Enquirer: 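Shown below is the structure under consideration.
From a predicted model like this one, the values you see are computed outputs, not experimental measurements.
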Amino acid sequence: MGRHTYKIDKKGRLALPADFRRALDATRVEGDPFQGLIVMPSLDGGSLDCGGYPLVERLQRKLDELERYDAEAADAIEMATIGQVRKLTIDPEGRTILPKDFVDELGLDGEATLIGRNWYFQIWPPAAAAARIQDARAIAKERRFSLRQRPAPKAAE
């Protein structure tokens, strides 16, 4: 959870918040030597989706379901996401090196904003993150009442 903006150093290293690293540790697959971070472009554009194995596992389950109804869409989504996955290592100081093509594609210019999204997080350019948060707040304010519990429908007599 949370939002953090950090510098990206000249080597492309980005610090990961300690609570994000602890959440990643909780998703580790026993016996797997990989102790890093899975990163892929977000389908929504403008950001990277990041996390542990659940990030890919959840998407693959949804793709398996979609394939039954729309194989072409499932193939395209798989190519655009899972086909672009990068496994990044995390150094002892809690930093990772972002791939240059991802940095260039997002236009990250010396800083990145990391936003917690429950079981994964996203990396955004700071200005794009601020704009997305502002849009999300407007939508949330408009639709906040849909979170309230509605009374159960009456039984038919």
Side-chain angles (χ1 to χ4, degrees), residues 1-67 70-141 143:
M1 295 185 286
R3 175 179 68 175
H4 310 269
T5 299
Y6 291 119
K7 298 264 185 229
I8 301 172
D9 72 14
K10 291 186 188 329
K11 295 181 181 179
R13 292 180 298 200
L14 174 67
L16 301 176
D19 54 336
F20 285 23
R21 292 193 315 268
R22 281 190 296 276
L24 280 172
D25 288 342
T27 68
R28 302 282 181 230
V29 175
E30 190 174 328
D32 187 345
F34 178 67
Q35 299 296 308
L37 176 67
I38 293 172
V39 179
M40 68 179 132
S42 171
L43 283 176
D44 296 329
S47 66
L48 300 172
D49 290 341
C50 310
Y53 283 110
L55 178 67
V56 174
E57 290 168 347
R58 285 178 182 227
L59 179 56
Q60 190 59 57
R61 279 195 305 272
K62 289 180 185 267
L63 287 171
D64 290 345
E65 292 172 22
L66 177 61
E67 190 171 33
D70 190 343
E72 183 178 32
D75 180 67
I77 293 169
E78 185 175 57
M79 182 70 75
T81 56
I82 294 174
Q84 307 307 310
V85 162
R86 304 288 175 81
K87 289 178 154 185
L88 308 181
T89 58
I90 300 171
D91 72 16
E93 287 78 36
R95 300 172 301 189
T96 191
I97 298 176
L98 295 175
K100 184 171 178 2
D101 58 330
F102 284 178
V103 169
D104 292 345
E105 188 176 316
L106 288 179
L108 295 172
D109 190 24
E111 282 189 322
T113 297
L114 293 78
I115 301 175
R117 301 295 307 258
N118 196 359
W119 51 270
Y120 71 105
F121 67 94
Q122 292 179 313
I123 297 175
W124 290 80
R132 177 65 184 107
I133 290 166
Q134 186 176 17
D135 291 346
R137 284 182 178 154
I139 293 167
K141 181 178 180 182
R143 298 187 184 165

Enquirer: To the nearest 0.5 Å, how far apart are CG in Leu14 and CG in Leu108?
Expert: 8.5 Å
Enquirer: Can you see which heavy atom on Thr5 is nearest to which on Pro126, and at what distance?
Expert: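 Thr5 and Pro126 have their closest heavy atoms at CG2-CG, 4.1 Å.
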Enquirer: Just verifying a value: how many Å separate Gln60 CD and Thr81 OG1, rounded to the nearest 0.5 Å?
Expert: 8.5 Å
Enquirer: Taking all non-hydrogen atoms of both residues into account, name the closest pair between Ile82 and Met40 and its distance.
Expert: N-SD, 4.1 Å
Enquirer: Let me confirm one number: the CG-CG distance from Asp109 to Asp104, rounded to the nearest 0.5 Å.
Expert: 10.5 Å
Enquirer: With a sphere of 6.0 Å drawn around CD of Gln134, does it hold more than 12 non-hydrogen atoms of other residues, nucleotides or ligands?
Expert: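 Counting neighbours around CD of Gln134, 12 or fewer heavy atoms of other residues, nucleotides or ligands fall under 6.0 Å, so no.
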Enquirer: Is atom CZ of Arg132 surrounded by more than 12 heavy atoms (other residues, nucleotides or ligands) closer than 6.0 Å?
Expert: no
Enquirer: Look up atom CG in Leu48 and atom CD in Gln122, then write down how far apart they are to the nearest 0.5 Å.
Expert: 8.5 Å
Enquirer: Rounded at 0.5 Å granularity, tell me how far CZ in Phe121 sits from CG in Leu37.
Expert: 4.5 Å
Enquirer: For Arg58, is there an ion pair with Asp49 - N to carboxylate O distance below 4.0 angstrom?
Expert: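 Salt bridge absent between Asp49 and Arg58.
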Enquirer: More than 12 heavy atoms of other residues, nucleotides or ligands under 6.0 Å from CZ of Arg3: yes or no?
Expert: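 Not buried by this count: 12 neighbours or fewer within 6.0 Å.
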Enquirer: If you measure from NE2 on His4 to CD1 on Ile115, what distance do you get to the nearest 0.5 Å?
Expert: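 Atom-to-atom, His4:NE2 and Ile115:CD1 are 10.0 Å apart.
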